[in-house]
Amino acid sequence: MTTKYSFEFQKEDIDVNVRRLTNQMWKLIPMREHEEDWPKQLDTVTIEIAGLNEIFIRPQFM
């Protein structure tokens, strides 16, 4: 898969990263139940997902 900056990533690498982020999202539930610092974990995952959007989504021009 090619990014909007013309870098090439293997699909397997992207799949591994998406799986990792999905697992981190599921990790939030027990963290919240145990009153751990889950908002910090959520912020981290949110930043990483937003970063993927910045790398792979091309802007739509009107």
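Scope of the values below: all heavy atoms of this structure, side chains included, with no hydrogens, waters or symmetry mates.
- Residues forming a salt bridge (charged side-chain N to carboxylate O under 4.0 Å, His left out) with R20 (at least two apart in sequence, or on another chain): E48.
- In this structure, E8 places its CD atom where more than 12 heavy-atom neighbours from other residues, nucleotides or ligands lie under 6.0 Å away.
- By the side chain to side chain contact (heavy atoms under 4.5 Å, CB included) test, I47 pairs with no residue at all, sequence neighbours left out.
- By the salt bridge (charged side-chain N to carboxylate O under 4.0 Å, His left out) test, K40 is found to be paired with no residue, residues two or more places apart in sequence or in another chain being considered.
- With sequence neighbours excluded, no residue forms a salt bridge (charged side-chain N to carboxylate O under 4.0 Å, His left out) with D37.
- Smallest separation of non-hydrogen atoms from E54 and K4: O-CE, 2.6 Å.
- In terms of heavy-atom proximity, H34 sits nearest to P30 at ND1-O, 2.7 Å.
- Of the charged side-chain nitrogens involved, none lies within less than 4.0 Å of a carboxylate oxygen, so that D15 and R19 do not count as a salt-bridged pair.
- Shown here are the side chain to side chain contact (heavy atoms under 4.5 Å, CB included) partners of E33, two or more places apart in sequence or in another chain: I29.
- Other members of the hydrophobic cluster containing M25, listed by chain and number, are M1, Y5, F7, F9, I14, V18, L21, L28, M31, W38, L42, V45, I49, L52, I55, F56; membership follows side-chain contacts under 4.5 Å among ILVMFWY residues, whether direct or relayed.
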